[in-house]
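Per chain, numbering begins at 1; letters A, B, ... match sequence-line order.
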Number of protein chains: 2
Amino acid sequence: MTTKPLRADAERSVRTILEAAERVLSDNPAASMEQVAEAAGVARTTIHRRFANRQALVDAMAATAVRHLSEAIEAGRPETAPPLVALHQITVNVLRTKVSWAFALGQPAAPGSVVAGMQQRVAYRCLELFGRIRDLGVLDAEVDLEWTRRVYYALIGESLHGDDAGADPDVLAGRIIDTLLRGAGPRRPETR
Amino acid sequence: MTTKPLRADAERSVRTILEAAERVLSDNPAASMEQVAEAAGVARTTIHRRFANRQALVDAMAATAVRHLSEAIEAGRPETAPPLVALHQITVNVLRTKVSWAFALGQPAAPGSVVAGMQQRVAYRCLELFGRIRDLGVLDAEVDLEWTRRVYYALIGESLHGDDAGADPDVLAGRIIDTLLRGAGPRRPETR
DNA sequence: ATTAACTGCAACAGTCTTGTAGCGTTTTAT
DNA sequence: ATAAAACGCTACAAGACTGTTGCAGTTAAT
């Protein structure tokens, strides 16, 4: 099921196209292949050589993006590092990945596809981590972990929008985790 | 600057078109005018009679949607009702509005447009309410109100996605507010 | 009842986009 | 060095969508 290995220059082209497509399509999801080609510094026919359809291109982008996302999570050592440290590091890594692959990661994955499988796996890793954090007593014992995960995703997404979207990822991650764990209510006197 | 008042049937058509367009475009933002017309039970040319461009249609949808959103907020009596009661009621109303106008409300408003102005006004009403809630001591005294508002928006948006998107709005609103105020961390012993 | 507005239908021109094909040139692999 | 692979370029076919126009029939307002 593996395709013949591409020549070095071809592989470079594919990379360039995928990255250019992300830039262009994240700015305008309805952009034409021509615009993508121009942004990639490549002829439109070259894109069609590697990707039969527009859909094939988008699928490849989604696959690349979710792979990067997965790596961003693994790099945080969710199994071995102290859970809260891992959560912070993962959040930072994911923020970086999401700014670079906003469009591709926003694409809905076909139900049975490889990408969908990887997304589920990522979600599961996330749930595992939250479970470990809960066992530390930092998450409420009876909290809905799935809802917590969704809120976590939403907070990450929101952090990429406002004026502060370009701020230091460490700061953004801190705010995300603080909000996720404590909300906006009054801090406990002794915590302050 | 006001246009001539439309005849009764024409006004009905406009309504029908706007609602059909929302249904179709929320499912597929790239749908053609033809598909919108079919969903509205109307000839395509009728749409073009009322809306010069596709953009004009989308703008009208955005205007209608943000008007509904504004009404949803005012119906919660943010000025007069007890702040937390108002917050709950507003959340319920906004949830209902957002499911009906998901596409239109997701459209970015042109910087100087009327819609943009109304969005800002809505955001301001929201900030006012949060300010009042903070003064009750239910929000942390030093919390970033603007960030709180953005988190509130994000939680509402997230509530419309999962399997429970169709659940009782009162329940969803309760979860949103609980998460916003307390986060996912452990509850205080005496609160439980 | 009469008028004006509105709608459906059919047809049309114009544009944009996609996808394919051929050919000469450049780059890579061995 | 040579052969295969990849690329840019041009051209073309096919289709989709948009926006407009004209006309005949229907509906609402006075």
Side-chain angles (χ1 to χ4, degrees), chain A residues 1-64 103-104 106-108 110, chain B residues 1-64 103-104 106-108 110:
Chain A
M1 192 60 192
T2 54
T3 328
K4 291 181 183 178
L6 292 178
R7 231 173 59 178
D9 52 351
E11 198 151 1
R12 234 179 314 165
S13 289
V14 170
R15 241 185 250 292
T16 309
I17 292 170
L18 289 174
E19 290 169 3
E22 167 60 36
R23 280 196 306 271
V24 172
L25 295 182
S26 67
D27 182 65
N28 170 24
S32 65
M33 303 292 268
E34 186 72 48
Q35 293 174 267
V36 173
E38 186 186 354
V42 145
R44 183 172 62 90
T45 47
T46 299
I47 298 186
H48 280 114
R49 248 189 285 267
R50 300 295 161 208
F51 308 99
N53 295 331
R54 178 195 191 84
Q55 191 56 43
L57 171 62
V58 174
D59 289 348
M61 291 170 66
T64 302
F103 171 83
Q107 285 308 104
Chain B
M1 193 58 195
T2 54
T3 328
K4 291 181 181 178
L6 293 179
R7 227 173 62 177
D9 53 351
E11 197 149 0
R12 233 178 315 162
S13 289
V14 170
R15 242 184 251 291
T16 308
I17 292 169
L18 289 175
E19 292 169 2
E22 167 59 37
R23 279 198 306 270
V24 173
L25 295 182
S26 67
D27 182 65
N28 171 23
S32 67
M33 303 292 266
E34 186 71 49
Q35 294 174 265
V36 173
E38 185 185 355
V42 144
R44 184 172 63 91
T45 47
T46 299
I47 297 185
H48 280 115
R49 249 188 285 267
R50 300 298 160 203
F51 309 98
N53 296 330
R54 179 195 189 84
Q55 191 55 43
L57 171 61
V58 173
D59 289 348
M61 291 170 65
T64 302
F103 171 82
Q107 286 307 104

Qualifying side-chain hydrogen bond (donor to acceptor under 3.5 Å, both in side chains) pairs, either residue in residues 49-62 of chain A, two or more places apart:
Gln55(A)-Asp59(A)

For the atom pair CZ (Arg44(A)) and CD1 (Ile17(A)), what is the distance rounded to the nearest 0.5 Å?
12.5 Å

The bend of the helix from dA1(C)-dT30(D) to dT30(C)-dA1(D), taken between the axes of its five terminal pairs at each end and rounded to 10°, is 50°

For DNA chain D, which nucleotides open and close the run of contacts to chain B, 5' to 3', at under 4.0 angstrom from a non-hydrogen atom?
dC17(D) to dA29(D)

Between dA5(C) atom P and Arg50(B) atom CZ, what is the distance in whole Å?
11 Å

So, with a heavy-atom separation below 4.0 Å from DNA chain C, the residues of residues 18-28 of chain A are none

When you compare the side chain of Met61(A) with that of Gln107(A), does any pair of heavy atoms fall below 4.5 Å?
no

Would you give me the side-chain donor-acceptor pairs under 3.5 Å for residues 35-43 of chain B, sequence neighbours excluded?
{"residue": "Gln35(B)", "atom": "OE1", "partner": "Ser32(B)", "partner atom": "N", "Å": "3.0"}
{"residue": "Gln35(B)", "atom": "OE1", "partner": "Ser32(B)", "partner atom": "OG", "Å": "3.4"}

With a 4.5 Å limit on heavy-atom distance, are the side chains of Val14(B) and Phe51(B) in contact?
yes

Heavy-atom closest contact (Ala10(B) atom, Leu6(B) atom, distance):
CB-CB, 4.1 Å

Going 5' to 3' through nucleotides 17-30 of chain C, assign each nucleotide B (protein heavy atom under 4.0 Å from a base atom), S (under 4.0 Å only from sugar-phosphate atoms) or - (no protein heavy atom that close).
SBBBB-----BBS-

Spacing of Leu57(A) atom CG and His48(A) atom NE2 [to the nearest 0.5 Å]:
9.0 Å

Contact list for residues 9-26 of chain A, test side-chain hydrogen bond (donor to acceptor under 3.5 Å, both in side chains), sequence neighbours left out:
Arg7(A)-Asp9(A)

